[in-house]
Novice: 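If you scroll down you'll find the structure; I have some questions about it.
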Amino acid sequence: MSVPLVSVLLPVYNGEPYLAAALESILRQDHDRLEVIAIDDGSTDGSLDILRRYQRVDDRIFIVSRENQGLIATLNEGLATAKGDLVARMDADDICYPTRFSRQVSLFKKQPEIAISGTGIDRLIGDRMIRGTPNPIYQSGNWHILSMFFTIFMHSTVMYNRNVIPEDLLGYDASYLHAEDFDLFRRITGRFPAAMIDESLVAYRIHGNSVTNKHKRQMRRTHLRIVTENLERESLLDDPDALNDIGAAVTPSTVRRAAECILSIEEKVASRRAMSSSYEDGVLCFFYFLYQLISDEERPQLTHDYLSRTGKWGMIRRRERYGLRAGAYAPWCSRISLEASRRVDALARYLQSVPAKTVLSHKGIV
């Protein structure tokens, strides 16, 4: 493979607060043979002015500006516009570390059969950086199995290899709203090899206006729909409506059925000896997904019931177990328990974090 052109697909919608930092991180990559496909999806803030300012000093930036059409239409337009054999995704509020593209390009050079790669992330919350750590679940390499249960890569870390992925496959399906990446990743890994650079090469920004936060409910409903489709295809699901129903409403009945689903899936996986251990890892990740969905309702009785029915109290932190038991049996103190848990979590995050500037400097950004 000669030095490839990397097309960076950058959708922008009202990204003014963070866009300049994202662009700087792209343009300072040590792999400089790239083009930036920046699509302004009808922004009403100063995003387009920022894009034009950077374009005046760097002609690698190609700008499309039009009325708002939504993220999926924007992504597909960017894919159709991109010229590179490799297409890197990037969000307007994240930061690439300088070696991100060169590391992924090197991976494709060494293993040209790979269709898609992702990387690890650090989490950027305000001015604090929480360092990412390698996840042993990725060591199996059974991406087609893991992608049945969860979105295997953070979207803004992904690079696609168009030399492997057919044109009719590399596209986002508008029917999977706010989980279009989950759907695309499962389709790609179902047919082609994938790889993970399990090292943080992107700083993923967490803030209240992110797509993830603004559309969490719809994202979860679509996620559950995709998992349901995957499990039905593998004959691992007895109650096809259970997962969709808990996505629509978290109630005692839907929690009970979701817990029964987890137990039934585990039993089926255990009974099929030929199944890889990656199925067990995937089911456990899905258990946590449902746990988070239920606990976000802040109704400890329901979370208590889910953990009791699945028999997985040992899978959560001690301070959470204490608070949930108190909240389940004494509802008057549930608010106190939840607030105490939040405070402990906030303190833990603080102690585990370091100033973002320190980490960014270490990564060569500032």
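We count residues from 1, following the sequence as given. Hydrogens, waters and symmetry mates play no part in the numbers below; they use all other heavy atoms, side chains included.
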Novice: Side chain to side chain contact (heavy atoms under 4.5 Å, CB included) for Val36 and Leu34? Distances and angles first, verdict last.
Specialist: CA-CA 7 Å; Val36 182; Leu34 56 85; 3.9 Å; yes
Novice: Let me see the working for Arg221 and Gln218 under side-chain hydrogen bond (donor to acceptor under 3.5 Å, both in side chains), right down to the final yes or no.
Specialist: CA-CA 5 Å; Arg221 286 196 292 268; Gln218 178 60 59; 3.3 Å; yes
Novice: What residues, two or more places apart in sequence or in another chain, satisfy salt bridge (Lys or Arg N to Asp or Glu O under 4.0 Å) together with Arg220?
Specialist: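 Here the qualifying residues are Asp296.
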Novice: If you look at every heavy atom in Val164 and Pro112, which pair is closest and at what distance?
Specialist: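 Heavy-atom minimum between the residues: CG2-O, 3.3 Å.
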Novice: State, yes or no, whether a side-chain contact exists between Ser117 and Val158 at a heavy-atom distance under 4.5 Å.
Specialist: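 No, their side chains stay 4.5 Å or more apart.
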Novice: Below 4.0 angstrom, N of the basic side chain to O of the carboxylate: do Asp49 and Arg53 qualify?
Specialist: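 Here Asp49 does not pair with Arg53 in a salt bridge, since their nearest N and O are not under 4.0 Å apart.
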Novice: Hey, is the main chain of Thr44 close enough, under 3.5 Å, to the side chain of Asn14 for a donor-acceptor pair?
Specialist: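 Yes, the answer is positive, given that a donor and an acceptor are paired below the 3.5 Å cut-off.
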Novice: So, for Thr228 and Pro240, which heavy atoms are closest and what is the spacing to 0.1 Å?
Specialist: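 What the structure gives for the nearest pair is CG2-O, 3.5 Å.
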Novice: Working to the nearest 0.5 angstrom, can you tell me the gap between His178 NE2 and Met219 CE?
Specialist: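 Here the rounded value is 7.0 Å.
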Novice: Under the side chain to side chain donor-acceptor pair (under 3.5 Å) test, which residues partner Arg256, sequence neighbours left out?
Specialist: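 So Arg256 forms a side chain to side chain donor-acceptor pair (under 3.5 Å) with Glu260.
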Novice: Mark yes or no for whether Ser43, through its side chain, and Asp45, through its backbone, hold a donor-acceptor pair below 3.5 Å.
Specialist: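 No: the side chain of Ser43 does not pair with the backbone of Asp45.
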Novice: Does either side chain, that of Asp30 or that of Ser102, offer a donor lying less than 3.5 Å from an acceptor on the other one?
Specialist: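 A donor-acceptor contact under 3.5 Å links the two side chains.
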Novice: Return yes if some donor-acceptor pair links the side-chain N/O of Arg162 with the main-chain N/O of Val87 below 3.5 Å, else return no.
Specialist: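 Flag not set: sc Arg162 to bb Val87 has no pair under 3.5 Å.
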Novice: CG/Leu5 to CZ/Arg33 distance, rounded to the nearest 0.5 angstrom?
Specialist: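 Going from the CG atom of Leu5 to the CZ atom of Arg33 covers 5.0 Å.
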Novice: Output yes when Lys312 and Glu266 qualify as a salt bridge under the 4.0 Å nitrogen-oxygen rule, no when they do not.
Specialist: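 Salt bridge flag = yes for Glu266 with Lys312.
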Novice: Ignoring hydrogens and geometry beyond distance, is a side-chain donor-acceptor pair present between Ser7 and Glu35 at under 3.5 Å?
Specialist: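 Glu35 and Ser7 do have a side-chain donor-acceptor pair below 3.5 Å.
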Novice: Do Glu180 and Asp173 come within less than 4.5 Å of each other through their side chains, counting heavy atoms only?
Specialist: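 The answer is no, as the side chains (C-beta and beyond) never meet within the 4.5 Å cut-off.
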Novice: Are Arg89 and Asp91 ion-paired here, with the side-chain N under 4.0 Å from a carboxylate O?
Specialist: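 Yes, this pair counts.
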Novice: Is a donor from one side chain sitting under 3.5 angstrom from an acceptor on the other, for Thr189 and Ser147?
Specialist: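 There is such a pair between these side chains.
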Novice: Is the distance from the ring center of Phe287 to that of Tyr306 below 6.0 Å?
Specialist: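 Centroid separation for Phe287 and Tyr306: below 6.0 Å.
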Novice: Using 4.0 Å as the upper bound for N to carboxylate O, is an ion pair formed by Asp41 and Arg66?
Specialist: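 Counted as a salt bridge, because a side-chain N and a carboxylate O are separated by less than 4.0 Å.
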Novice: Does Leu237 belong to the same Ile/Leu/Val/Met/Phe/Trp/Tyr cluster as Leu284, with side-chain heavy atoms less than 4.5 Å apart forming each link?
Specialist: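 Yes; Leu284 is reachable from Leu237 via cluster members.
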Novice: Would you say the side chain of Phe101 lies within less than 4.5 Å of the side chain of Met159, judging by non-hydrogen atoms?
Specialist: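 With C-beta onward as the side chain, the pair touches.
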Novice: Measure the CZ-OH distance between Arg100 and Tyr97 for me, rounded to the nearest 0.5 Å.
Specialist: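 Interatomic distance, Arg100 CZ to Tyr97 OH, rounded to 0.5 Å: 12.0 Å.
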Novice: Do the charged groups of Lys268 and Asp238 touch, with an N to O distance under 4.0 Å?
Specialist: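 Result for this pair is yes, salt bridge flagged.
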Novice: Looking at residues at least two apart in the chain, or sitting in another chain, which of them share a side chain to side chain donor-acceptor pair (under 3.5 Å) with Asp241?
Specialist: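 In terms of side chain to side chain donor-acceptor pair (under 3.5 Å), with neighbours along the sequence ignored, Asp241 is linked to no residue.
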Novice: Got a sec, which residues hit side chain to side chain donor-acceptor pair (under 3.5 Å) with Ser308, two or more places apart in sequence or on another chain?
Specialist: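 Expected list: Trp313.
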Novice: Compare every heavy atom of Ile137 with every heavy atom of Leu146, then report the nearest pair and how far apart it is.
Specialist: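 Looking at all heavy atoms of both residues, the closest pair is CD1-O, 3.7 Å.
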Novice: Please examine the side chains of Tyr13 and Asp40, heavy atoms only from C-beta on, and report whether any two atoms are closer than 4.5 Å.
Specialist: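 In short, these two side chains do not touch, never coming nearer than 4.5 Å.
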Novice: Using the side-chain contact (heavy atoms from CB on, under 4.5 Å) rule, pick out the option among Ile39, Leu48, Ile37, Leu10 that qualifies with Ile63.
Specialist: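 That would be Leu48; it is the only one of Ile39, Leu48, Ile37, Leu10 passing the side-chain contact (heavy atoms from CB on, under 4.5 Å) with Ile63.
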Novice: Verify side-chain hydrogen bond (donor to acceptor under 3.5 Å, both in side chains) between Asp94 and Ser156, making sure each step is shown before the conclusion.
Specialist: CA-CA 8 Å; Asp94 294 338; Ser156 59; 2.8 Å; yes
Novice: Checking Asp239 now: which residues fulfil side chain to side chain donor-acceptor pair (under 3.5 Å) with it, not counting sequence neighbours?
Specialist: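 By the side chain to side chain donor-acceptor pair (under 3.5 Å) rule, Asp239 matches Arg257.
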Novice: Go through the structure and list residues passing ring pair (Phe, Tyr, Trp, His ring centres under 6.0 Å) with Tyr172, not counting sequence neighbours.
Specialist: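 Listed in chain order: His155.
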Novice: Check whether more than 12 heavy atoms from other residues, nucleotides or ligands sit under 6.0 Å from atom CD of Glu24, and answer yes or no.
Specialist: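 Yes, CD of Glu24 has more than 12 neighbouring heavy atoms, counting only those of other groups under 6.0 Å.
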Novice: Please verify the inter-ring angle class for Tyr288 with Tyr291; under 30° counts as parallel, over 60° as perpendicular, anything in between as tilted.
Specialist: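 The arrangement is perpendicular - the two ring planes meet at more than 60°.
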Novice: So, using ring pair (Phe, Tyr, Trp, His ring centres under 6.0 Å) as the criterion, who are the partners of Tyr279 when residues are at least two apart?
Specialist: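 Checked Tyr279 against ring pair (Phe, Tyr, Trp, His ring centres under 6.0 Å); zero matches.
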Novice: Scan residues 42-66 for pairs that pass ring pair (Phe, Tyr, Trp, His ring centres under 6.0 Å), counting only residues two or more places apart or in two chains.
Specialist: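 Listed once each, the pairs would be none.
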Novice: Does Glu229 form a side-chain hydrogen bond (donor to acceptor under 3.5 Å, both in side chains) with Tyr176? I'd like the steps, not just the answer.
Specialist: CA-CA 12 Å; Glu229 292 173 357; Tyr176 294 101; 2.9 Å; yes
Novice: Are a donor atom and an acceptor atom from the side chains of Asp181 and Thr151 found within less than 3.5 Å of each other?
Specialist: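 Judged by distance alone, the side chains do not pair up.
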Novice: Taking the side chain as every heavy atom from C-beta outward, state whether Arg191 and Pro166 have any atom pair closer than 4.5 Å.
Specialist: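 Counting from C-beta outward, Arg191 and Pro166 do come under 4.5 Å.
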Novice: Tyr160: which residues meet the ring pair (Phe, Tyr, Trp, His ring centres under 6.0 Å) condition with it, sequence neighbours left out?
Specialist: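 Partners of Tyr160 under the ring pair (Phe, Tyr, Trp, His ring centres under 6.0 Å) test: none.
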Novice: Under the 3.5 angstrom rule, does the side chain of Thr157 hit a backbone N or O of Gly118 as a donor-acceptor pair?
Specialist: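 It does not hold such a pair.
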Novice: Which heavy-atom pair separates Met90 from Ser25 by the least distance, and what is that distance?
Specialist: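 Shortest heavy-atom separation between Met90 and Ser25 comes out as CE-OG, 3.9 Å.
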Novice: Between CD1 of Ile145 and CG of Asn230, what distance do you get to the nearest 0.5 Å?
Specialist: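 Answer rounded to 0.5 Å: 12.0 Å.
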Novice: Work out which heavy atom in Leu9 is nearest to a heavy atom in Leu75; give both atom names and the distance.
Specialist: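 Looking at all heavy atoms of both residues, the closest pair is CD2-O, 3.5 Å.
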Novice: Using ring pair (Phe, Tyr, Trp, His ring centres under 6.0 Å) as the criterion, list what pairs up with Phe182, not counting sequence neighbours.
Specialist: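 His223.
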Novice: Can you measure from CG (Asp32) to CZ (Arg28) and round to the nearest 0.5 angstrom?
Specialist: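 Between Asp32 CG and Arg28 CZ, I get 14.5 Å after rounding to 0.5 Å.
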Novice: Is Arg217 salt-bridged to Glu297, cutoff N-O under 4.0 Å?
Specialist: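 Looking at Arg217 and Glu297, the cut-off is met.
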Novice: Which residue pairs pass the ring pair (Phe, Tyr, Trp, His ring centres under 6.0 Å) test with at least one member in residues 111-149, sequence neighbours excluded?
Specialist: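 Passing the test, one end in residues 111-149: Tyr138-Trp143, Trp143-Phe153.
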Novice: Check the surroundings of atom CZ in Arg123: do more than 12 heavy atoms from other residues, nucleotides or ligands lie under 6.0 Å from it?
Specialist: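 Check fails, neighbour count at 12 or below.
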Novice: For residues 16-35, which residue pairs qualify under ring pair (Phe, Tyr, Trp, His ring centres under 6.0 Å), counting only residues two or more places apart or in two chains?
Specialist: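 The answer is Tyr18-His207.
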Novice: First locate atom CD1 of Ile26, then atom CD1 of Ile61, and finally report the distance between them rounded to the nearest 0.5 Å.
Specialist: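 Here the interatomic distance stands at 8.0 Å.
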Novice: If I compare all heavy atoms of Asn244 with all of Arg225, which pair ends up nearest, and what's the gap?
Specialist: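 That would be OD1-CA, 3.6 Å.
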